[in-house]
Amino acid sequence: MQTTKYLLATYKETPADAEIISHQLMLRAGMIRKNAAGIYAWLPLGLRVLKKVENIVREELNRTGALEILMPAIQPSELWQESGRWEQYGPELLRIIDRHKNEFCFGPTHEEVITALMRNELQSYKQLPITLYQIQTKFRDEIRPRFGVMRSREFLMKDAYSFHMTKASLQETYEIMYKTYQNIFSRLGLKFRAVEAPTGTIGGSFSHEFHVLAESGEDEILYSDASDYAVNVEIATAKAGDPSPDGKGTLHTARGIEVGQVFQLGDKYSKAMGFTVLDENGKAVVPQMGCYGIGVSRTVAATIEQNHDAKGIIWPKAIAPFDVAIVPINMHKSERVREAAYKLYHELTAQGLDVLLDDRNERVGVMFADMELIGIPKQIVVGERGLDAGTVEYKDRKTGAVEHIGLDSISLTL
RNA sequence: CGGGGCGUAGCGCAGCCUGGUAGCGUACUUGCAUGGGGCGCAAGAGGUCGUCGGUUCAAAUCCGGCCGUCCCGACCA
């Protein structure tokens, strides 16, 4: 991609209504724009990152054999009456009335829809266990949306649902999902902890939350310094300095941003909604269910909270909008620089890399500042100086380290 | 919903107290100049001052209602 053909919508100044760093940087980098409180549009640069996160989530889910589907965002009230949540779920549920005066809601979650769907599709124990998931826009009419896409009303979520003949089977899938979440957040390059958690409105019995560790996190968690043990302070009876309940290490506190949660729902929805399948003996059994969510848009913000400096965002390689930026110096005067820059651009692109060539007729300072703000992990500076020596500069966004690399070997380096 | 801010050009702000018909920086357009860190010079374009009403000869400015938005608290991926 060339910057002159892209919507590089960067701001030099920080918008006044953004409080936390990820929100400020997402606005300044031109990733998102607000449409209403807690409702955001994603610009091309932001969407690239969102899609990369989405694809990693998708790949890891697919790897477990989970099947991708897409359910409606708008859901009829009847389903929610069946589960009892039409009354229980407060004003956070955005209710809608159509032209026939029928009641609907914009889905904040999909237990009802998936259960209604599967009670028609699944008849036999032979079809279980099965896990289905979708990546879709949700709406929760938060009392107080804040911090940009960190706590928005409209957001992109991956929600998965599993169905089982037995609790043991549910436990098995739960553990697979738990591991899958660890894989996902590791691939995203995040520092995170899985913590024991309360079950909330979704109901059920057993749950873990996945928290990205960051100062601005809204939750406080206690974690062991010698094992994976962690717990949300909200429900913990222990405190910092206590020995870890698993006998390994001492507890410390940290702030966390909840980006995912895994639940064992049991038969709460399947039972309420009359969902049964036949077992080996022809006897009707109410399936056990699990549900597993990841806040995809929130994860993007959480990543920035953990990866930024005074110049801007520092994307982990796996989800950077572009892999490398080419910054030509004085390209609009120097034919040599122009040729070298375009040659590199075409080579690297052909190599399958996402390359951003800054072909604007701008001062270098402007180009450097923008490439650093939007957080491209690697920068290649092409200038007369280097070309005289047959090299280009290869700069790391995170460390700032510069290497001079021969023009011929740069594509091998990347 | 309770408490506290703020709404003036895309973004950041001044002007409001003490009414007289809107300004600065940046971004944008054009030209010149420059070319290794948001450089400089010149000329431009861009605003029903959130909205409705009131007071007044006259309202961005004073008074009232409403709306929007941000922050702190109670809910959630």
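The sequence lines fix the lettering, A, B, ..., with proteins before strands; numbering per chain opens at 1.
- The C1' atoms of B/rC16 and B/rC6 are separated by 14 Å, rounded to the nearest whole Å.
- For A/Arg151 against B/rC76, a side-chain-to-base donor-acceptor contact under 3.5 Å is present.
- Spacing between B/rA14 and B/rG47 at atom C1', rounded to whole Å, works out to 15 Å.
- Counting to the nearest Å, the C1' atom of B/rC76 and the CZ atom of A/Arg85 are 12 Å from each other.
- Of the possible donor and acceptor atoms, none in the side chain of A/Asp141 sits under 3.5 Å from a partner among the backbone N and O of A/Leu94.
- Taking atom C1' on both B/rU61 and B/rG23, the two are 15 Å apart, rounded to the nearest angstrom.
- Note on A/Glu362: a base of the nucleic acid sits closer than 4.0 angstrom, heavy atoms only.
- Base contact: A/Val381 has a heavy atom under 4.0 Å from a base atom.
- Comparing B/rG10 with B/rC28, their C1' atoms are spaced 9 Å from each other, to the whole Å.
- Each of B/rG35, B/rG12, B/rC76 was ranked by its minimum atom distance to the side chain of A/Asn361; first place goes to B/rG35.
- Other residues, nucleotides and ligands place no more than 12 heavy atoms under 6.0 Å from the CD atom of A/Glu215.
- One atom, CE of A/Met150, and another, P of B/rC76, lie 18 Å apart when rounded to the nearest Å.
- Heavy atoms from other residues, nucleotides or ligands lying under 6.0 Å from CG of A/Asp396 number more than 12.
- A/Glu154 comes within contact range of no nucleotide atom at all, as no heavy-atom separation falls under 4.0 Å.
- For A/Ser297 and A/Lys34, each mapped to the nucleotide of RNA chain B holding its nearest heavy atom, the one lying further toward the 5' end belongs to A/Lys34.
- Remark: P of B/rA77 and NZ of A/Lys138 are 12 Å apart, rounded to the nearest angstrom.
- The side chain of A/Val364 lies closest to B/rG37, out of B/rC13, B/rG37, B/rC39.
- If you check every strand for non-hydrogen atoms under 4.0 Å, A/Ser152 touches a base.
- Geometric assessment of A/Lys395 against the ring of A/Phe368 yields a positive cation-pi assignment under the 6.0 Å and 45° thresholds.
- Within 4.0 Å (heavy atoms only), A/Lys311 reaches no atom of the nucleic acid at all.
- Between A/Phe192 and A/Tyr181, a ring centre-to-centre spacing not shorter than 6.0 Å is recorded.
- Remark: P of B/rG35 and CD1 of A/Ile329 are 13 Å apart, rounded to the nearest angstrom.
- Candidate nucleotides B/rA74, B/rA77, B/rG38 were compared by shortest atom distance to the side chain of A/Phe155, and B/rA77 ranks first.
- Rounded to whole Å, the C1' atom of B/rC49 lies 10 Å from the corresponding atom of B/rG7.
- Note on A/Ala36: only backbone sugar-phosphate atoms sit closer than 4.0 angstrom, heavy atoms only; bases stay farther off.
- We find that CG of A/Leu50 is positioned 19 Å from P of B/rA77, with the value rounded to whole Å.
- In this structure B/rG73 sits in a base pair with B/rC1, meeting the Watson-Crick or G-U test at under 3.5 Å.
- Counting any heavy atom pair closer than 4.0 Å across all strands shown, A/Gly260 reaches sugar-phosphate atoms only and no base atom.
- A distance of 9.0 Å separates CZ in A/Phe106 from CD in A/Gln75, rounded to the nearest 0.5 Å.
- Distance check on atom P: B/rG64 versus B/rA27 gives 40 Å, rounded to whole Å.
- Base pairing analysis places B/rG23 opposite B/rC13; the two distances defining the Watson-Crick or G-U wobble pair are each below 3.5 Å.
- For A/Lys395 and B/rG37, a side-chain-to-base donor-acceptor distance below 3.5 Å is present, hydrogens and geometry of angles not being considered.
- For A/Tyr178 and A/Phe210, the ring centers are positioned less than 6.0 Å apart.
- Panel note: side chain A/Glu305, backbone A/Gly217; no donor-acceptor pair is recorded below 3.5 Å.
- Both distances falling under 3.5 Å, in either a Watson-Crick or a G-U wobble arrangement, place B/rC41 opposite B/rG31.
- Ion pairing between A/Glu60 and A/Arg63 holds under the 4.0 Å rule for side-chain N and carboxylate O.
- Stacking here means ring centres nearer than 5.5 Å and ring planes tilted less than 30 degrees, and by that measure A/Tyr11 does not stack onto B/rA27.
- The interatomic distance linking A/Tyr181 (OH) with B/rA77 (C1') rounds to 9 Å, in whole Å.
- For A/Glu142 and B/rC70, the CD to C1' distance is 16 Å, given to the nearest whole Å.
- Atoms CD1 (A/Ile326) and P (B/rG36) sit 20 Å apart, rounded to a whole Å.
- In this structure B/rU18 sits in no base pair that meets the Watson-Crick or G-U test at under 3.5 Å.
- Pair assignment for B/rG50: B/rC66, on the basis of Watson-Crick or G-U wobble contacts that are both within less than 3.5 Å.
- Taking atom C1' in both B/rU48 and B/rA22, the straight-line distance is 13 Å, to the nearest Å.
- For a distance-only test at 3.5 Å, the side chain of A/Glu393 qualifies as a donor-acceptor partner of the base of B/rG36.
- Residue contacts shown for A/Glu258 are limited to sugar-phosphate atoms, with no base heavy atom under 4.0 Å away.
- At a threshold of 4.0 angstrom between heavy atoms, the contacts of A/Asp370 include nucleobase atoms, whether or not backbone atoms are also involved.
- Among the heavy atoms of the strands lying under 4.0 Å from A/Ala369 is at least one base atom, whether or not backbone atoms are also near.
- Residue-level contact check: A/Thr299 touches neither bases nor backbone, having no heavy atom under 4.0 Å from any strand.
- Remark: A/Arg146 is in phosphate contact with B/rG73, judged by side-chain N or O atoms under 4.0 Å from OP1 or OP2.
- Of the residues near RNA chain B, A/Arg360 and A/Glu19, the one whose nearest nucleotide (by heavy atom distance) lies more toward the 5' end is A/Arg360.
- For the P atoms, the distance linking B/rC75 with B/rU51 amounts to 38 Å, nearest Å.
- With a cut-off of 3.5 Å on both Watson-Crick or G-U wobble distances, the partner of B/rA58 is given as none.
- Within the 4.0 angstrom heavy-atom criterion, only backbone atoms of the sugar-phosphate kind lie near A/Asp17; the bases stay farther away.
- A donor-acceptor contact under 3.5 Å links the side chain of A/Glu372 to the base of B/rG37.
- Put simply, A/Lys12 has a side-chain N or O that comes within less than 4.0 Å of OP1 or OP2 on B/rA27.
- For the pair A/Arg397 and A/Phe322, the cation-pi test (distance below 6.0 Å, angle within 45°) is failed.
- Side chain of A/Arg140, nearest nucleotide from B/rA77, B/rU69, B/rG36: B/rA77.
- Between B/rC72 and A/Arg144, a contact under 4.0 Å exists linking OP1 or OP2 to a side-chain N or O.
- Among the protein residues, A/Asp141 comes within range of no part of the nucleic acid, since none of its heavy atoms lies under 4.0 Å from any strand.
- At the heavy-atom level, A/Phe147 lies under 4.0 Å from the strands shown only through sugar-phosphate atoms.
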